[in-house]
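Note sheet for the following structure.
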Amino acid sequence: MNIEKIKSDKRLPKHIGVIIDGNGRWAKKRGMSRSMGHKFGFENLKKQIEFVEQLGIKNLSIYCFSTENWNRPKEEVDYLMQLFEEMLDEYKNKYLDKDVRIIISGDLNDERLPLNVRNKAKELIELTKSKTGFILNSCINYGGRQEILSAVNSLISDNLKSVNEQQFEQYLYTKDMLPLDFIIRTSGEQRLSNFCPWQSSYSELYFPKVEWPGFNKKHMIKALKVFMRRNRRFGAIKG
Ligand code: IPE
Ligand code: IPE
Ligand code: MG
């Protein structure tokens with residue numbers, strides 16, 4: 001695998017979205033608990049974030065926990081919250097002295113989220129808000145419809161009567177990010193499950209069969225190659 005060659009390819013996506021999926025099934029196949037699947041999934045996440053950053057891709061969004069995921073058993077939700085707290089600590093240790101901006105998309109005022117997760121997330125957003133390098137956006141307690149609704153409600157409270165697309169985007173979590181070029185969802189499921197409905201309107205979609213804990217650098221390279229072969233037309237006639 002020739003990393004340097006891929007890195008210098010102008011067709012690379014600038015913003016990748018990853019819908020982590022299949023942790024539970026991956027664990028079940030191996031006789032482990034679903035929580036263990038999440039643990040391995042988060043270990044893999046660290047590696048993939050590093051790899052994407054290393055490739056020079058400017059923005060990465062990761063769907064970690066949806067507003068619908070509260071419907072899961074309490075034990076699993078509690079374990080995921082524990083992992084998110086660890087993840088935020090890790091981001092702090094690893095990225096604070098680098099040119100990396102951390103965004104956490106999702107309702108951080110929701111009292112169902114542990115206070116530590118809420119506070120650590122808010123702290124990281126604040127501490128890194130003026131960084132101009134790689135942007136790492138983790139979606140926790142995120143729902144795309146809720147994001148749009150909350151944008152509309154903010155518009156109303158700002159007394160705005162009408163806005164264009166650019167102005168509307170200023171009310172989204174992704175306001176400082178590049179267009180979402182490419183969405184990868186592992187485990188073979190072919191849906192977006194409330195991930196970035198506004199931002200994904202022109203994203204290329206890719207659904208590899210492999211479950212998230214097994215999605216390695218080779219799978220990432222393959223995904224990028226698939227993306228680079230796509231003919232993006234945006235309604236025009238090209239290629
Ligand atoms: C994705 O894996 C992780 C989260 C949604 C937090 P799943 O937990 O959805 O795994 P499956 O789909 O049940 O296998
Ligand atoms: C989507 O995965 C949510 C996240 C990846 C955080 P799910 O596994 O919860 O989605 P559905 O229920 O299969 O649509
Ligand atoms: Mg799933």
Side-chain angles (χ1 to χ4, degrees), residues 15-49 52 59-88 90-91 102-108 110 112-114 116-118 120-121 136-150 172-174 177 180 182-200 203-216 219-220 223:
H15 181 179
I16 301 182
V18 173
I19 302 176
I20 292 179
D21 203 11
N23 290 353
R25 279 163 283 167
W26 182 90
K28 204 176 163 199
K29 280 184 194 164
R30 287 158 182 81
M32 296 181 213
S33 65
R34 293 183 53 84
S35 290
M36 274 303 106
H38 296 312
K39 185 168 175 49
F40 278 91
F42 277 88
E43 286 309 314
N44 188 43
L45 182 60
K46 291 180 205 166
K47 291 187 203 155
Q48 298 311 315
I49 293 173
V52 165
N59 297 179
L60 175 64
S61 292
I62 303 150
Y63 201 11
C64 299
F65 192 88
S66 71
T67 43
E68 290 70 35
N69 287 146
W70 292 110
N71 294 323
R72 295 189 178 201
K74 186 178 182 305
E75 192 192 317
E76 182 173 341
V77 170
D78 287 349
Y79 188 75
L80 282 165
M81 293 301 150
Q82 196 184 309
L83 282 177
F84 297 147
E85 195 180 336
E86 280 172 34
M87 181 176 90
L88 294 167
E90 169 123 355
Y91 286 175
I102 307 289
I103 294 175
I104 311 292
S105 297
D107 181 3
L108 295 177
D110 187 331
R112 290 173 297 180
L113 283 173
N116 270 345
V117 170
R118 293 161 57 190
K120 288 180 181 184
L136 176 56
N137 172 28
S138 305
C139 305
I140 299 177
N141 194 25
Y142 172 85
R145 288 184 177 176
Q146 290 79 352
E147 179 182 33
I148 291 173
L149 264 187
S150 112
L172 302 178
Y173 296 112
T174 46
M177 300 182 77
L180 182 55
F182 189 35
I183 297 176
I184 302 170
R185 180 178 188 146
T186 53
S187 86
E189 304 298 347
Q190 303 194 12
R191 58 178 168 270
L192 297 178
S193 305
N194 209 8
F195 178 65
C196 293
W198 173 279
Q199 298 87 339
S200 64
S203 305
E204 294 295 325
L205 310 178
Y206 180 61
F207 302 107
K209 289 240 164 14
V210 57
E211 291 116 356
W212 176 255
F215 184 92
N216 59 28
H219 294 109
M220 183 63 87

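Order of appearance sets the numbers: ligands from 1, and atoms from 1 within every ligand.
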Would you indicate which of Asn69, Leu83, Thr186, Ile20 comes nearest to atom 1 (C) of ligand 1 when only heavy atoms are counted? Ile20
As a check for students: among Glu211, Arg25, Glu189, Arg72, identify the option with a heavy atom nearest to atom 9 (O) of ligand 1. Arg72
Are any side-chain N or O atoms of [X] and backbone N or O atoms of [Y], one a donor and one an acceptor, separated by less than 3.5 Å?
X	Y	answer
Asn141	Leu113	no
Arg185	Ile19	no
Arg30	Trp26	yes

How far is [atom] from its nearest protein heavy atom, and which residue and atom is that?
atom	answer
atom 13 (O) of ligand 2	Arg191 NH2, 2.7 Å
atom 4 (C) of ligand 2	Tyr63 CD2, 3.7 Å
atom 3 (C) of ligand 1	Asn23 ND2, 3.6 Å
atom 14 (O) of ligand 2	Ser193 OG, 2.6 Å
atom 2 (O) of ligand 2	Arg185 NH2, 3.5 Å
atom 10 (O) of ligand 1	Gly24 N, 3.0 Å

Any atoms of ligand 2 less than 4.0 Å from a non-hydrogen atom of Phe65? List them with their elements. 6 (C)
At a 4.0 Å threshold, what atoms of ligand 2 neighbour a non-hydrogen atom of Ile19? 5 (C)
Tell me whether Ser66 has any N or O atom under 3.5 angstrom from an N or O of ligand 2. no
Asp21 near the Mg ion (ligand 3) via N/O/S, less than 2.8 Å: yes
Step through the shown structure and confirm whether more than 12 heavy atoms of other residues, nucleotides or ligands are within 6.0 Å of NZ on Lys39. no
In terms of heavy-atom contacts, does CZ of Phe40 have more than 12 from other residues, nucleotides or ligands at under 6.0 Å? no
So, does Glu68 sit close enough to ligand 2 that a heavy atom of it is under 4.0 Å from the ligand? no
Taking side chain as C-beta onward, heavy atoms only, is Asn194 less than 4.5 Å from Thr67? yes
Contact between Cys196 and Tyr142 at the side-chain level, heavy atoms closer than 4.5 Å - yes or no? yes
Any side-chain donor paired with an acceptor under 3.5 Å for [X] and [Y]?
X	Y	answer
Asn44	Gln48	yes
Tyr173	Glu147	no
Tyr91	Ser138	yes
His38	Glu76	yes

Using heavy atoms and a 4.0 Å limit, tell me yes or no: is Lys28 in contact with ligand 1? no
What do you reckon, does Gly22 put a non-hydrogen atom under 4.0 Å from ligand 1? yes
Counting only heavy atoms, which portion of Cys64 has something under 4.0 Å from ligand 2: side chain, backbone, both, or neither? backbone
Any nitrogen or oxygen of Trp26, main chain or side chain, under 3.5 Å from a nitrogen or oxygen of ligand 1? no
